[in-house]
Amino acid sequence: MARVVLEKVRKEFNGAEVVHATDLDIKNKEFLVLVGPSGCGKSTTLRMIAGLEEISGGKLYIGDQLVNDVPPKDRDIAMVFQNYALYPHWNVYDNMSFALKLKKMPKAEIYEKVKKAVELLGLEDLLKRKPSQLSGGQRQRVALGRAIVREPQVFLMDEPLSNLDAKLRVQMRAELKKLHNSLQTTTIYVTHDQTEAMTMGDRLVVLNKGRIQQVDTPLLLYNHPNNMFVAGFIGSPAMNFLRCKLIKEQGGFSLINGDLKLNIDKEKVTVKMQGFIQKDVVLGIRPEDIVDADTNGVLNNGSNIVRAEVEVMEPMGSETFVWVQICGRSIIAKAPSNTCASVGKSLRLAVDMSKAHLFDPDTEENISLS
Amino acid sequence: MSTPAGTNRAFKTVYSCLEYLAVAIIVLIFFVPIAWIVLTAFKPSQDVYTLKLFFTPTLANFRAIFSYPLDFGPYLLNSFIVTTATLVIGIPISLFAAYSLSRFKIAGKQGLLFWILSTQFIPPVIIALPFFILFRNLGLLDTRISLIIVNLCIIIPFAIWLIKGFLDGIPTDIEEAALIDGCSRFGVLTRIIVALAKPGILTATVFCFVLSWNEFMFPLILSRQNATTLPVALMLLNAEKGVIWEQMAAAGIVLVIPSVILVLLVRKHFVQGLTLGALD
């Protein structure tokens, strides 16, 4: 168990900077998730921590030790790979005990440690099997077991669940979380799947184009995104964006786009917004904050009611996502599963402007955060 | 009257018969000389020029080639020593080189690879004279060392390319897992890569064995008596009275046997998959 600190850590490939100077302080026992679209530098960052990629600049500490030039084997880390990366020529027991054998640990002790991990992961009957005789889920468990027996200071996981089918992924997600709760080992987890990130991480690091966009707890990221990228990346279905003009009237601030007019709550007005009066801004609103007005008593009485034609309905069982046309843009709204909406018909929607975000269209920065 | 399905089936039968026929012809073409050699090797000398398939087999020809005056024993030993040393030195060197070329960033790697390959473009006879002069100046003419050096020059470029092809197909994350588990680069190579690339390494070994074992021109030019290998020694049987076919055939069998045994031993590895289900 250890703290991991990145100070201005950079990575260049052939002169192109793929990870820009990154500062990150990963606390002891924390489950930190690096999340972002492919090519955002999350795996490269993880591989730099592992020592599999050279660091082009900056300092990396594991525990209190500067490890920039320490080879992977001496960093006291364990890594779980997307493709499991099991040794195909050895059976499960040999795969899991390899690292301990290299440490020249006595055989009896190795046996005890492997046994403990095997019981924890439910692999008792598979010890003599080779990786080719295991299912995807079993292979993933063996890969986890190989990491666990090491009792390392830090676990590094590079998209460990992305090769599993959807059902197994959800199951393993919970198991990994449980495992972390019982082992309390600092874990750095890379994924491109925002649901996985939200559900697993104590804190999330959202990356894009080699830069950290925001580091926060899942809920803070969801409710207070720093910029349009984070707002659009976190949450499923994604946040709706609509370009509007910000105007100031006697009644307060409003957003206008054609016939659409939405009033902004007084308490939502920030100093930054003052600079955008009579200018374009981007309204960001999550699907669950645009609701079928007829089924929502509270918002139905509000002033922010929009009429729009339904394009597509996506029933999810517990709720229904409704695609509508507003100001020429497809917008997703959320309705209860018993909604009266139907394709082609007009629907009254209530917009909860207390949950809305406004973004600077040029810098994409959130200007509605106080 | 045959249905279309029946026609189809008939066509398939004819087709597979033709296939077997073609294979049989090819096998026959390859097999007849070998069969002829085997028969001849066991024939008494008076039967050699007959086409008899039934005769009293004798080991006299084998005895003759391993006793005075032919005495092929030392030549066979030379062949063994030269080939074994070539493989023992050449295959690990090729493996290291192939691994480096497959995994590491090396300035001018493409050029280097082409250069290694280009050594194979040169007809051996062109470099025979330079080698002769080189070894003469070094005092290495008619020594096994000179033959080992020449054989290494022949097999290493070939083995590097062959093994590199196999290594390129092995996913790097297995190596990375081993690096994190506590292996050094050398450990990764000996514990992981050798096991995973076994089919490739064995294939290279067999090909290099055959190249080195059958090499004729260089031993002919570089050796006189002490380092002469078996293929060159076969020439001794082209004597004043003409070719002694029965003994030539016996020596030919002796020459072929090691290759056959080696191929039989490693045959199953040729078909073995590379990653063995480590990933899907």
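Proteins come first, then strands; the chains are lettered A, B, ... in the order of their sequence lines, and each starts at number 1.
A distance of 12.0 Å separates CD1 in Ile180(B) from CG in Asp74(A), rounded to the nearest 0.5 Å. To the nearest 0.5 Å, the span separating OH on Tyr84(A) from CG on Asp173(B) amounts to 11.5 Å.
By the 4.5 Å heavy-atom criterion applied to side chains, Arg191(B) and Tyr87(A) are not counted as neighbours. For the pair Ile192(B) and His89(A), the minimum side-chain heavy-atom distance is below 4.5 Å. Put simply, the side chain of Asp181(B) reaches to within 4.5 Å of the side chain of Arg150(A), judged on heavy atoms. Between Lys73(A) and Leu179(B) the shortest side-chain heavy-atom distance does not fall below 4.5 Å. Counting heavy atoms from C-beta on, the side chains of Leu196(B) and Pro88(A) come closer than 4.5 Å.
Applying the 6.0 Å contact sphere to CG of Asn181(A) captures more than 12 heavy atoms from other residues, nucleotides or ligands. A 6.0 Å sphere centred on CG of Leu117(B) holds more than 12 heavy atoms belonging to other residues, nucleotides or ligands. Within 6.0 Å of NZ on Lys103(A) lie more than 12 heavy atoms contributed by other residues, nucleotides or ligands. More than 12 heavy-atom neighbours from other residues, nucleotides or ligands sit within 6.0 angstrom of CD on Gln133(A). The environment of CZ in Phe13(A) is crowded: more than 12 heavy-atom neighbours from other residues, nucleotides or ligands sit within 6.0 Å. Crowding of Lys116(A) atom NZ: a count of heavy atoms from other residues, nucleotides or ligands under 6.0 Å not exceeding 12. Within 6.0 Å of the NZ atom in Lys109(B), the count of heavy atoms belonging to other residues, nucleotides or ligands exceeds 12. Around the CZ atom of Phe104(B), the shell of radius 6.0 Å holds more than 12 heavy atoms that belong to other residues, nucleotides or ligands.
For chain B, the nearby part of Arg47(A) is the side chain; its heavy atoms alone come within less than 4.5 Å. Residue contact with chain B, scored on non-hydrogen atoms closer than 4.5 Å, involves the side chain of Leu52(A) exclusively.
Between chain B and the residues Arg75(A), Gln82(A), Arg146(A), the most heavy-atom pairs under 4.5 angstrom are made by Arg146(A). Taking Leu156(A), Asp76(A), Val80(A), Ile77(A) one by one and counting their heavy-atom pairs under 4.5 Å with chain B, the maximum is reached by Ile77(A).
Residues Ala177(B) and Ala85(A) come closest through the heavy atom pair CB-O, 3.7 Å.
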